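Note on naming: letters A, B, ... go to the chains in the order of the sequence lines (proteins, then strands), and numbering restarts at 1 for each one. Please read these numbers as outputs of a predicted model, since none were measured by experiment.
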Number of protein chains: 2
Amino acid sequence: MNSSQSRPGGGTQLPSRRVASELRTAIASGDLPPGAKLPSERALAARYGVARNTAREAIRLLAEEGLVTAHHGKGVFVREKRRLLRFGSERYSHRLRKETGLSPYRAEVAKQGRTARVDCTSIERVRPPEDVAERLGVDPAEPSAVRRENWYYADDEPVQIGVTYIPWEIAEGSVLATSANMGKGSLYARFEELGHPITRIREEVSARMPTHEEAIGLSIPDGVPVVEVLHTGIDHLDRPFEVTRFVMRADLNGLDYTMPVED
Amino acid sequence: MNSSQSRPGGGTQLPSRRVASELRTAIASGDLPPGAKLPSERALAARYGVARNTAREAIRLLAEEGLVTAHHGKGVFVREKRRLLRFGSERYSHRLRKETGLSPYRAEVAKQGRTARVDCTSIERVRPPEDVAERLGVDPAEPSAVRRENWYYADDEPVQIGVTYIPWEIAEGSVLATSANMGKGSLYARFEELGHPITRIREEVSARMPTHEEAIGLSIPDGVPVVEVLHTGIDHLDRPFEVTRFVMRADLNGLDYTMPVED
DNA sequence: TAGTGGTCTAGACCACCAT
DNA sequence: TGGTGGTCTAGACCACTAT
C-alpha cells in the first residue's frame, strides 16, 4: 500500500519533504509571490501522487517555517512580509511624550505611518502574579494591585497584549484605578503627576510559542512565536511603580534598545 | 467510521485536544514529573479509544507548547525545566571585565554556577551581510570585515551562536583578525587597546523559529523558538566598531536590560 | 452548493533504541 | 527481538467561506 515511498530517510527525500521543497522553491523563485494561494491540499496530493495527509504534512512544515498561512475554508497563502514595529528604549522619553502627547505605543506606530488603536479591555483590583509582586514589592497574597489589560492594534490588526499592574497604594483614588482613558500624555503623565516620573526601565525579554488563547486572540499563524517582555517602570527614587507584561507577535514586532555601558 | 467523534468544534473538546488536556493536567499536577516518560502513542490510543494518529496529534500539541520532547525509538518525555541564562545590559561593564577578566558570556554563566565553554569555530575576512554593513558603516560589496564565529556552551550544552563582524580597518594586524584566543579581558579589552572603549550598545531583538541548521546545531527540540539579537558595540566617539548576531535557544536564554529613560 | 482546510479512523512499513 | 516514534495511504465527516 506504500510502495511509492522510496528509501525513507535515505538519500532521497520523504514525500512530504519533497512536496515541501518544491513549494519552497516556488515561493523563493517568485512563482508563488507573497499573498498567492497555494494549490489545495487535494490538488497537491493529486499532482504529486501522494495521500492528502502527506500534502498536508508538507504544508505544515512550511507553516512552521513561517512561509505560509492556512485560512480555514479559503486556502493556504504565501505569507506577506510584514513591516516590523520596533519598540526602543527611547519610546518612554519625556520629550517624545510632551511633544506628541502620545503614548509610547501610539508614537511608535505613528512614526511608521500606520494607524494605532488601543483597547483597554478591563480594569480590576487583583492579587498580582508572583513575578510581578516580586518586582513591585507588594504582597501577592493580597489584592495589592490594579490590573489593566490593553490590546494593541496596528491598522486594525492585533499585534500585542499588555497587562499592567500598579500598586493599589499608588493607583487608589486616581484615574489609574478607574478609567480606560488616560487623557493627554497617557499613563506616564499620570504617574508623573502622582510623584513617579519614569527615570529608568527594566525589561526582561524572552520568547516562546503562544498559548492557545494567545494564538486565537492575536490571530497568530502556526509557527510564529511570541516575544514576552516583563517591563518595570522605575522612578527617580528607584521605586518600581508599574509592571507590564507584554506579549507580542514575533513576526510583527521587534525591540530596539540603545543603552550606555556602565562603568 | 467516525461515529465516536462527538460534536466537533463544539462545546466538548476534539479527541486530540481532550487527550492533550488530560496529559497537560497530569504534567501540571506532578503525576508526570519532569523527565517522566509518557505512555506510548499506541498505549494512549488504546486508553482513550482513539486512533494512533489522534494520540500522536495530542503529543504534537504538547510538543509545540514545549511541554514534552519526543525521542525516536525511546519515547516521549516531559521536558525538564531549565535554568535561564539571563544576559543583561551590565554584562559589558568595564568593572565586571576588569574584576573578573572574563568575557561577558563567561561572567554570566559563572554567576549562575555553571561551566562555560566558548569555541571560536572560524575567523575569516568576508563581505559582511547588508544589515551588518549598514550598522558598521562599511561596504557590503567589499571584504570589509572580519567574521568570527563563536559557539557558546553551558555545562557542555550548546546554548547560543554568536557571529561577530569587525571592520577590517580596525581588526587588521591585531589578534582580532587572527587568533581564536582573545586573552585576558577578552574581546572588549582588545578593542579598548585599539582605541575603541565600549561605551554604548545597541541591541535589536527579535524571535523566530530556528532554521533547520540551527535546530540541528543547537539541538533545539520541536516547538522552541530562537531569540535573535543584533548587537552593536559603540565607542566613546559614537563609532560602531563591532556587530554581533546572536542566535540563542529561547528556552535556555533570556535578556534582562536596565536602562535610563532619556529626556 | 461546491470547494477548502481541520480532524479522525484503521492499518501499514520504516528507522531507531534497548535488550 | 520487540517496542518506540516517524511517516505514509485511503477514505470519511466536519466546519468555514464564497458563490
Quick check for you: among D/dC8, D/dT9, D/dG5, whose closest atom lies nearest to any side-chain atom of A/Glu57? D/dC8
Would you say the side-chain atoms of A/His231 and A/Glu204 include a donor-acceptor pair closer than 3.5 Å? no
Please figure out whether A/Ala55 or B/Pro39 has its closest DNA chain D nucleotide nearer the 5' end. B/Pro39
Using a strict heavy-atom distance below 4.0 Å, which residues from residues 70-80 of chain B are in contact with DNA chain D? B/Ala70, B/His71, B/His72, B/Gly73, B/Lys74, B/Gly75, B/Val76
For B/Phe77 and B/Leu38, the nearest pair of non-hydrogen atoms, with its separation, is C-CD1, 4.5 Å
Restricting to non-hydrogen atoms, name the atom on A/Met209 and the atom on B/Met209 that form the minimum distance, rounded to 0.1 Å. SD-SD, 3.5 Å
Upstream residue (5' side of DNA chain C) when B/Ala51 and A/Leu38 are each assigned their closest nucleotide: A/Leu38
Can you find an N or O donor on one side and an acceptor on the other, under 3.5 Å apart, linking the side chain of A/Arg42 with the base of C/dG5? yes
Just checking, is any N or O donor in the side chain of A/Thr69 or A/Arg79 under 3.5 Å from an acceptor N or O on the other one? yes
To the nearest angstrom, the CG-P distance between A/Asn53 and D/dG6 comes to 16 Å
For B/Ile59 and D/dT4, give me the distance from atom CD1 to atom P, rounded to whole Å. 11 Å
Just the rounded figure in Å: distance from C1' of D/dT4 to CZ of B/Arg56. 11 Å
When the distance from CD of B/Glu41 to C1' of C/dA10 is rounded to whole Å, what number comes out? 15 Å
Once you round it to whole Å, what is the distance between P of C/dC14 and CZ of A/Arg17? 19 Å
So which nucleotide from D/dC8, C/dG6, D/dA10 ends up closest to the side chain of A/Thr54? D/dC8
Euclidean distance, atom CZ of residue B/Arg60 to atom P of C/dT7 [Å, nearest integer]: 8 Å
Give a yes/no on whether any side-chain N or O of B/Ser40 is located under 4.0 angstrom from OP1 or OP2 of D/dT4. yes
Distance alone, cut at 3.5 Å: any donor-acceptor contact between the side chains of B/Glu203 and B/Tyr257? yes
Shortest non-hydrogen pair, B/Ala55 vs B/Leu44, comes out as CB-CB, 3.9 Å
Quick one: closest heavy-atom pair of A/Ser16 and A/Glu57, and the distance? CB-CG, 3.6 Å
May I ask you to evaluate whether B/Arg52 reaches the phosphate of D/dG5, defined as a side-chain N or O under 4.0 Å from OP1 or OP2? no
